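See below for the structure under consideration.
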There are 2 protein chains.
Amino acid sequence: MFNLNPNTGVPIYRQLMEQVRRMVSSSQLKPGDALPSVRELAMTHAVNPMTISKAYSMLEAEGLLERQRGKAMTVAGNLPLQESKPDRLERLQPAIENLAMAARQLELGSDDVLKAVREHMEKQDA
Amino acid sequence: MFNLNPNTGVPIYRQLMEQVRRMVSSSQLKPGDALPSVRELAMTHAVNPMTISKAYSMLEAEGLLERQRGKAMTVAGNLPLQESKPDRLERLQPAIENLAMAARQLELGSDDVLKAVREHMEKQDA
DNA sequence: ATATGTGTATTATTTTACTAATACACTAGG
DNA sequence: CCTAGTGTATTAGTAAAATAATACACATAT
């Protein structure tokens, strides 16, 4: 469900927060949906439970998740159903800027970059 | 010349290392070329000089840079002139994978992603 | 020689991220 | 009631990242 890589330099709890935000934004996680348990995520990603709990707590502080004693964390109920495509494209911008910077420094033109992106995403769908 | 953002979670010295590697790979930095001085980079990016020095030292340990006492750091002289396009595309992969993951979680299709990338890169060239 | 420019070593401090091992409060099902 | 499942608090420790303030060794141009 999530993709947590401890070798990117990006803190694990930050990776998780960002990915939850995206999936809520696209309604792959809808209001009321339960999130994977802290211990389960910690197990499958070989990470300390408190690292997961930290991400969940910060998302609750943001108002994105709701906490109920003794039960699994759920997506907050007072959220717009799905963000518009422009809003989701806005969330994609940092990844695009990062890609564009790398391409510029590698002196790869938009044609080469677009081809590489297309090939990767088609492989993904298959 | 470089783009160092302290808010991404990625350590500054790692950002710098990666960007130097890319520009050497594309021969925007050629063997013998001097790099910006530690103090200059530290000033313009509001960063501690030792943070820059750490990146330079690690790149020297990699064999990418050469150090000469009292003089500026230079690109090592024993490097292949420019990496092939396939090799540079290989270096682009992490940025592509990151973009594809974000798109998948945002439920944005390849058409929308490609359009957004194209628009961003065209704006860049202008 | 002197001044200015390299990178670096040193020492100390602060902040952040992550791990570890327990224990607690609560919910739900048998 | 009891057990297994939630998230969390607690306390402690380790490691990484970045800052800060000096000081050193060397090169280069004046």
Side-chain angles (χ1 to χ4, degrees), chain A residues 1-21 24 29 31-77, chain B residues 1-21 24 29 31-77:
Chain A
M1 190 172 195
F2 299 114
N3 197 324
L4 303 181
N5 184 341
N7 300 321
T8 60
V10 183
I12 297 170
Y13 79 97
R14 279 226 223 181
Q15 295 181 42
L16 178 55
M17 288 178 69
E18 196 52 36
Q19 293 182 36
V20 171
R21 285 195 204 103
V24 169
L29 286 174
D33 282 358
L35 274 77
S37 86
V38 165
R39 289 174 179 84
E40 177 192 341
L41 269 188
M43 273 292 296
T44 61
H45 292 90
V47 153
N48 191 283
M50 292 309 295
T51 302
I52 308 293
S53 178
K54 178 178 180 181
Y56 279 4
S57 297
M58 294 181 79
L59 289 170
E60 193 238 346
E62 276 184 18
L64 202 74
L65 300 184
E66 276 175 356
R67 161 174 35 185
Q68 296 156 290
R69 285 255 178 88
K71 303 181 66 176
M73 213 85 166
T74 58
V75 178
Chain B
M1 190 174 197
F2 298 114
N3 197 325
L4 303 181
N5 183 340
N7 299 321
T8 60
V10 183
I12 296 169
Y13 80 98
R14 280 226 223 181
Q15 296 181 40
L16 179 55
M17 288 178 69
E18 195 54 33
Q19 294 182 35
V20 171
R21 286 195 203 101
V24 170
L29 287 175
D33 283 356
L35 274 76
S37 86
V38 165
R39 288 175 178 82
E40 176 193 341
L41 270 187
M43 273 292 296
T44 61
H45 293 91
V47 155
N48 192 283
M50 292 309 295
T51 303
I52 308 292
S53 177
K54 177 178 179 181
Y56 279 4
S57 297
M58 294 182 79
L59 288 170
E60 193 238 347
E62 276 183 19
L64 202 75
L65 300 184
E66 275 175 358
R67 161 173 39 185
Q68 296 157 291
R69 284 257 178 86
K71 303 180 65 176
M73 213 83 166
T74 59
V75 178

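The model shown is predicted, which means the values in this text are computed figures rather than measured ones. Throughout, a chain's letter reflects where its sequence line sits, starting with A, and its residues are numbered from 1.
Nucleotide D:dT10 holds its C1' atom 9 Å from the CE atom of A:Met50, rounded to whole Å. Separating the NE2 atom of A:His45 from the P atom of C:dT19 is a distance of 13 Å, rounded to the nearest angstrom. Rounded to whole Å, atom P of D:dG7 lies 12 Å from atom CG of A:Leu16. When the C1' atom of C:dC18 is taken as reference, atom CD1 of A:Ile12 falls 7 Å away, rounded to whole Å. In this entry the distance linking CD1 of B:Ile52 with P of C:dG5 reads 18 Å, nearest Å. Protein atom CZ of B:Arg69 is 14 Å distant from nucleotide atom P of C:dG7, rounded to whole Å. In this structure, the CG atom of B:Asn5 is 12 Å from the P atom of D:dA18, given to the nearest Å. A:Asn48 places its CG atom 13 Å from the P atom of C:dT22, with the value rounded to the nearest Å.
When distances run from any side-chain atom of B:Arg14 to the nucleotides D:dT8, D:dA17, C:dT8, the shortest one goes to D:dA17. Set against C:dT8, C:dC18, D:dT8, the side chain of B:Met73 has C:dT8 as its closest nucleotide. Taking the side chain of A:Ala72 as heavy atoms from C-beta on, and the options D:dT8, D:dA20, D:dT6, the nearest nucleotide is D:dT6. Among D:dG7, C:dA17, D:dT28, the nucleotide with an atom closest to any side-chain atom of A:Lys54 is C:dA17. The side chain of A:Tyr13 lies closest to C:dA17, out of D:dA27, C:dA17, D:dT8.
Residue A:Glu60 is the one, among A:Glu60 and B:Thr51, whose nearest nucleotide of DNA chain D lies closer to the 5' end (criterion: closest heavy atom). In terms of position along DNA chain D, the nucleotide closest to B:Val47 lies nearer the 5' end than the nucleotide closest to the other residue of the pair B:Arg39 and B:Val47. For the pair A:Pro11 and A:Gln68, both in contact range of DNA chain C, the more 5′-proximal nearest nucleotide belongs to A:Pro11.
Between the side chain of B:Thr44 and the backbone N or O of B:Glu40, at least one donor-acceptor pair lies under 3.5 Å. Here the side chain of A:Ser57 pairs a donor or acceptor atom with the backbone of A:Ser53 at under 3.5 angstrom.
In terms of heavy-atom proximity, B:Ile12 sits nearest to B:Pro6 at CD1-CB, 4.1 Å.
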Begin with the C-alpha distance, continue with both residues' side-chain angles, and end with the deciding distance and a verdict on side chain to side chain contact (heavy atoms under 4.5 Å, CB included) for B:Gln15 and B:Asn3. CA-CA 8 Å; B:Gln15 296 181 40; B:Asn3 197 325; 5.9 Å; no
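Contact check, B:Ser53 against C:dG7: no side-chain N or O comes under 4.0 Å of OP1 or OP2. Side-chain nitrogen and oxygen atoms of A:Ser57 include at least one within less than 4.0 Å of the OP1 or OP2 phosphate oxygen of D:dT8. The side chain of B:Lys71 places an N or O atom within less than 4.0 Å of a non-bridging phosphate oxygen (OP1 or OP2) of D:dT28.
Counting only heavy atoms from C-beta outward, the side chains of B:Ile52 and B:Phe2 never approach each other to under 4.5 Å.
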